Structure formats: C-alpha cells, structure tokens
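Values in this document were obtained by computation on a predicted structure and should not be read as measured data. Residue numbers start from 1 in every chain, and the chains themselves are labelled A, B, ... in the order their sequence lines are given, proteins ahead of strands. Atom set for the values below is all heavy atoms of this structure, side chains included, hydrogens, waters and symmetry mates excluded.
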Amino acid sequence: MEMTDKPSLASLRRLLLEKQVTPVELVEMCAARAEKENPRLNALISWDKERALRAAQQADLSLPLGGLPIAIKDNICIAGEPTRCASRMLDSFVSPYDATAVRRLKAAGAIPFGRANMDEFAMGSSGENSAYGPTLNPADPSHVPGGSSSGSAAVVAAGIFPAALGSDTGGSVRQPASHCGVVGLKPTYGRISRYGLVAFASSLDQIGTMTNSVEDAALLLSVLAGHDPQDSTSSLEPVPDFAAGLRDGVRGLRIGVPKEYMSGGNAPEVADALQRAIRTLEEQGAEITEISLPHAEAAVASYYIIACAEASSNLARYDGIRYGFRDTSATDPDTLFSRSRAEGFGEEVKRRIILGTYVLSGGYYDAYYARAQKARALVAQDFAHAFESGVQLILGPVSPTPAPKIGARDLTPLQIYLADIYTIPANLAGLPAVSVPCPAAPPLPVGVQLLASHFEEPLLLRAAAALESAWS
Amino acid sequence: MEASSIDVAYIAELAKIELTDEEKSRFTRDLDQVLNYVAQLEKWDTEGVEPMYHPLPVFDALRSDIPGESLSNEDALRNAPMQEDGQFRVPKVVESAH
C-alpha cells in the first residue's frame, strides 16, 4: 500500500480496518517519511521509532483512533519521553507522566509519535525561536512555517504524520496552520485539559489540533475534550460527537465579517482568500453581514501584557534545582538561579519574562496589568455583542500576510507581535476558532479563520467543513 | 501612563536572569518600543469595566480532598541536575551560626 501525499486520519482508519495496512506498517511509513523529509524541514526534534513500533504491535483497531500515529508538540508531556519545549532549559528533561491529552489519545488507541519542533516555550510566530534550529515551510522552504506550533503544522502539511497536537496561546495553532495549508483548530478555553501542557500563559493556553481535514479535527476533538479533575479550568460542558452534523451545511447561518478585519493592511493574497470565503459561504446559502468589533485594536496591547505577565510567573519554576538546566559555577542560590536562567532561556523568552516582570512590578501594576485586564473585557464584550446581535459565526483572516521569508530579522519584536492581531482575540475571549486552508494562489498557502461562541465547536466545524468541501 | 525608559537591569534582578550589557541595551530598546505601543490602552474608556482575569466564569471548581497517585521520590528526582540522599542538592543557603 502507498500512503497518499497528505493522508487523513479517517482514510488511514479505513485502510487499517480493511486490513490494507497494519499499524506496524503505518508506523514504518511515517518513520520513513520522517527520515526522508526531516533533514530538509527540521519539523521534528526527535522521534522514537522503536517505542512507536511496540505500541503499534499492541494497537486495538476497535478503538476510535486505533493504530493512528500522531505527532505531539514538544511542550506536551509524554511519559518517559523528552519534553524540551524546544529550549536549552529542558534539553535533558524526560517527562515522568502523560499530559491528559496524550493519555486520552493513547486510551483511544492512537500512537503518540514524534516530538514536533516549536518556538521556545511557545513564544514566537515563525518557528525560528527554537534551540534546535528553525523549521522550514514544506510548501516553500525559503519561508517560515509560522509558529509557535511550527513543527506540528509542518509534519502534517508534509504528510509525515496524518495529524499533530499543538498549543494555541495567541494563534500558535491557527497561524502556522494557515501558513502551511492545514486545518488548525483551537477549541474553546477549557474544552481540553491543560494538565501536562507546559504552562506559558495559563488564562490563554489551549491545546489544539493540526489535521488535513475538518473531519479529522472533529474526530480528535471528540477524543480530547472533557473535564479533567487535574485541571480546575477544564470545562464540565457535555462533550458531543463533533463529527455528527459536519455535512449539514451553512444554509441559513448568519456569519459576521468584522469591518476592522478588512483593513488595507492585509496582503492581497489574504484579502483575496477572505473574499473567496465570503463568496463561497454565500453560494452555500449563508447570510454574510458586516459587523464591528470596536475594541479590536486594543487586543494586541492587552494580550502582550497579560501573556508576558503570566509567563513571568509560570517560568519562575525554572530555578536550576528541581529540573532543567543548572549552572555549575554558582556558589550561592541567587547566582545559581540567575545564571541557570541566563544560559537556559533563549532571547525571546528572556525578553518576555522581563516585560512580564516589569508590568507586574510595584508602581506599574495598575497602569499596565490592571488596565490590560479591563481592555481584555472590552475585547470579549465586542464578541458577546456580535453574537447577541444575531450572527452565529465570525469570519476573518488568520494572519495579515502569507508566510514570511526565513530570517526576516530586520523586524522589531513589536512588529512581529502586531501580526497576531487576528488570532489573539479568540484567546483573550476564550472562543473556539479554526483556520481552514483556502485554495489560494500557489506556492504559499493562506487560510481563513472562523470563530464561534463558547462551546459552539459543532457549528464552527460545520461551517469549516462546508468551506472545505466547496473548495476541494 | 508615561512611556518612561524601562530599567532592564533592575527588572532582570527581580526576574533572576543575569543579562549581558548587550542584552540590557537591546531589551531596553525593544521593550521601550513595546511599552510605547501598549500605552494606547489609555485611550479606551475602562471606567466601571470589571477586569477579566479568566476567559470563562468558573464556579465551584473544587474536588474532594482525596490523595491521588503521586510520583515516587525517585521519579520526582529523576530530572534534578544535582541530588544527594534522595533530596535536591543546592548551594549553601544559610551562613553558619558561628
């Protein structure tokens, strides 16, 4: 059997059930593709073929994801495997337990296989901030794949694995999905347990999926979602079968397009993808209306204050003592902390910890942190008002441009942060959102983004599937 | 709020990260620019707006206080860069009493 270029979980599952391929052969094929493609793309930091083969030998095909190999971002813990967050700080860290998301994948028969490269501690939007070197875009290796879930998007786009887990704090699943041409889903905050996801900004972080189809995103979400006593912020909301109703179409749905998202700042390819999505959804019977999110401009400022503040607190745990990199020259604890953190963390991580520490420090807390939390409320209220006004979904771009060239280092950090303008709001408000690839002008893929109200993933995925099927 | 120049050296001490002089000047430049940008938050009317610390209202997220499975001493120490006698090894913390 030959695997297609970009296999879906659903198609591989059929082949497994029809015995056209065995789980062991599937792992062998993924490993062969990793060996062939990874030297070019650097999408995986490591992969343990022997371990995956042992799991494949015991795969239970009666389970929903039986025998399906899935790559895992390097910040999601797999028991007995390295979890490095693409940082020198955690270079030798071996996770003592499974993240709940990984435990659920295993319980559903899937084989977690391959540690996907990323921006260090999920801080970045190009995949270049990795202690293990940048990941390249499979569509055109002179371009970045986006980030921070750079490797997760690249392995799925390159057909090395049928699916991958990523994490999304300000767009880190949706933006690389858009840049690489795969489906990237960030569920509602709390849908998927964060237990075992290495914390960056706890009020924004959410595990998400990279797949080659909307149906696959629904399959994975059905397995991953649900309350977890280990994460007090995980939701008690009932978990539906997300794959049911996927083909129900968008006839009669009201979809809002924010006028603030149609600015002249969008690259022509991005504006074109958005127009195509509007036309396609209208042809399918949806009603498109212009809406306004008046506080859209406050999102980036609010986000970078909150995310960095939470990061400065979360990353305080890296002290060089309990785990992680340790400087051996220090003879007192303070020097041990300061030198271990100086050598263990990369530049962007240090920059964000400094910013976060500053906005939380005495005399500045009210001016920055408290104000940012109020602006966050305004951003969230804009969405609440839009959904109350009768739109059920919101359509917009994912990123203002297609994937930039590798090494565009002339940009300042602020310029890089500003490109997150369309993805950040879903994290601030906790909304589910998905990036769907548009059949745009080659060579670089461009996605469009759909957002829904809290826990409305069934509706979100239904509209995404309608776009996907019209465009295939 | 005044977009004053951030004292990176002082903040780095609070954050316990030793920075080189080059990093100090680069971060000062980068973060001044970011702080200038976020100063725009002043222009939004936040009078009477409740700060939003969490994306969803979570109530009663308590569970029964029953000890679950935990890591063994050995597993908890497995990633420690230095250990001795089943404990983390650290540099001397207190001065000797004499």
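- Dense packing is recorded around CD of Glu22(B), with more than 12 heavy atoms of other residues, nucleotides or ligands lying under 6.0 Å away.
- Under the 4.5 Å side-chain criterion, counting only non-hydrogen atoms from C-beta, Asp7(B) is not in contact with Tyr358(A).
- Of the atoms belonging to Ile11(B), heavy atoms from both backbone and side chain fall under 4.5 Å from chain A.
- Side-chain contact between Ser361(A) and Leu14(B): present, with at least one pair of heavy atoms (C-beta onward) separated by less than 4.5 Å.
- For a residue to count as touching a neighbouring chain, one of its non-hydrogen atoms must lie under 4.5 Å from one of that chain's; by this rule Ile17(B) touches chain A with backbone and side chain alike.
- Taking 4.5 Å as the limit, every side-chain heavy atom of Lys92(B) sits out of range of all side-chain heavy atoms of Asp332(A).
- If you measure heavy-atom distances from Ser234(A) to chain B, you find no contacts under 4.5 Å at all.
- Distance check, rounded to the nearest 0.5 Å: CD of Gln373(A) to CG of Leu41(B) gives 11.0 Å.
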- Check against side-chain contact (heavy atoms from CB on, under 4.5 Å), Met52(B) and Lys374(A): CA-CA 6 Å; Met52(B) 182 176 168; Lys374(A) 290 181 179 182; over 6 Å; no
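- For chain B, no part of Tyr304(A) is nearby; none of its heavy atoms comes within less than 4.5 Å.
- Contact of the Phe88(B) side chain with the Asp319(A) side chain is not registered, since no non-hydrogen atoms from C-beta on lie closer than 4.5 Å.
- Listed here is the closest heavy atom pair of Gln40(B) and Ala298(A): OE1-CA, 4.3 Å.
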Under 3.5 Å, side-chain donor or acceptor atoms of residues 87-96 of chain A against the rest of the protein: list the pairs with distances, not counting sequence neighbours.
{"unit_1": "Ser87(A)", "atom_1": "OG", "unit_2": "Met89(A)", "atom_2": "N", "d": "3.0"}
{"unit_1": "Ser87(A)", "atom_1": "OG", "unit_2": "Glu120(A)", "atom_2": "OE2", "d": "2.7"}
{"unit_1": "Ser87(A)", "atom_1": "OG", "unit_2": "Gly344(A)", "atom_2": "O", "d": "3.4"}
{"unit_1": "Arg88(A)", "atom_1": "NH1", "unit_2": "Glu343(A)", "atom_2": "O", "d": "3.3"}
{"unit_1": "Asp91(A)", "atom_1": "OD1", "unit_2": "Tyr132(A)", "atom_2": "OH", "d": "2.5"}
{"unit_1": "Ser95(A)", "atom_1": "OG", "unit_2": "Tyr97(A)", "atom_2": "N", "d": "3.3"}
{"unit_1": "Ser95(A)", "atom_1": "OG", "unit_2": "Tyr97(A)", "atom_2": "O", "d": "2.6"}

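- Between Arg376(A) and His54(B), the closest side-chain pair of non-hydrogen atoms is not below 4.5 Å.
- Of the residues considered (Val300(A), Leu204(A), Leu414(A)), Leu414(A) shows the highest number of contacts with chain B, using heavy-atom pairs under 4.5 Å.
- Proximity to chain A (any heavy atom under 4.5 Å) is shown, for Gln33(B), by both the backbone and the side chain.
- Among Glu310(A), Arg322(A), Gln381(A), the residue making the largest number of heavy-atom pairs under 4.5 Å with chain B is Arg322(A).
- In this structure, Glu42(B) and Arg371(A) have side chains that are in contact, with non-hydrogen atoms separated by less than 4.5 Å.
- Both the backbone and the side chain of Tyr53(B) come within contact range of chain A, judged by heavy atoms closer than 4.5 Å.
- Contacts with chain B were tallied for Pro333(A), Gly430(A), Ala372(A); Pro333(A) has the most, counting heavy-atom pairs under 4.5 Å.
- For the atom pair Ser312(A) OG and Lys16(B) NZ, the distance stands at 13.5 Å (nearest 0.5 Å).
- For Tyr303(A), no part lies near chain B; criterion is any non-hydrogen pair under 4.5 Å.
- For Arg89(B), the CZ atom counts as loosely surrounded, since its 6.0 Å shell holds 12 or fewer non-hydrogen atoms of other residues, nucleotides or ligands.
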- Message: Before you tell me yes or no, could you show the steps for Thr233(A) and Leu56(B) under side-chain contact (heavy atoms from CB on, under 4.5 Å), namely the whole-Å CA-CA distance, both residues' side-chain angles and the distance that decides it to 0.1 Å?
- Response: CA-CA 9 Å; Thr233(A) 64; Leu56(B) 287 169; over 6 Å; no
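- For the options Ala342(A), Ser338(A), Gly190(A), heavy-atom pairs under 4.5 Å to chain B are most numerous at Ser338(A).
- If you measure heavy-atom distances from Tyr369(A) to chain B, the contacts under 4.5 Å come from the side chain alone.
- Closest non-hydrogen pair, Pro81(B) versus Ile321(A), comes out as CD-O, 3.3 Å.
- Ranked by heavy-atom pairs under 4.5 Å with chain B, the first of Asn427(A), Asp334(A), Leu336(A), Val359(A) is Asp334(A).
- Ion pair Arg341(A)/Glu18(B) not flagged as a salt bridge, since none of the NZ, NE, NH1 or NH2 atoms sits closer than 4.0 Å to an Asp/Glu carboxylate oxygen.
- Here the closest heavy-atom approach between residue Pro91(B) and residue Ala330(A) is recorded as CG-O, 4.5 Å.
- The shortest distance between side-chain heavy atoms of Pro413(A) and Asp30(B) falls below 4.5 Å.
- For Leu355(A), the parts sitting under 4.5 Å from any heavy atom of chain B are the backbone and the side chain alike.
- Of the listed residues Pro229(A), Gly324(A), Ser235(A), Ala429(A), the one with more heavy-atom pairs under 4.5 angstrom with chain B than any other is Pro229(A).
- Here the side chains of Phe27(B) and Glu347(A) are in contact, with some heavy-atom distance below 4.5 Å.
- The pair Arg351(A)-Glu23(B) does not count as a salt bridge, with every side-chain nitrogen at least 4.0 angstrom from each carboxylate oxygen.
- Note: Tyr10(B) OH to Ile354(A) CD1 = 12.5 Å, rounded to the nearest 0.5 Å.
- Between chain A and the residues Glu13(B), Arg26(B), Arg78(B), the most heavy-atom pairs under 4.5 angstrom are made by Arg26(B).
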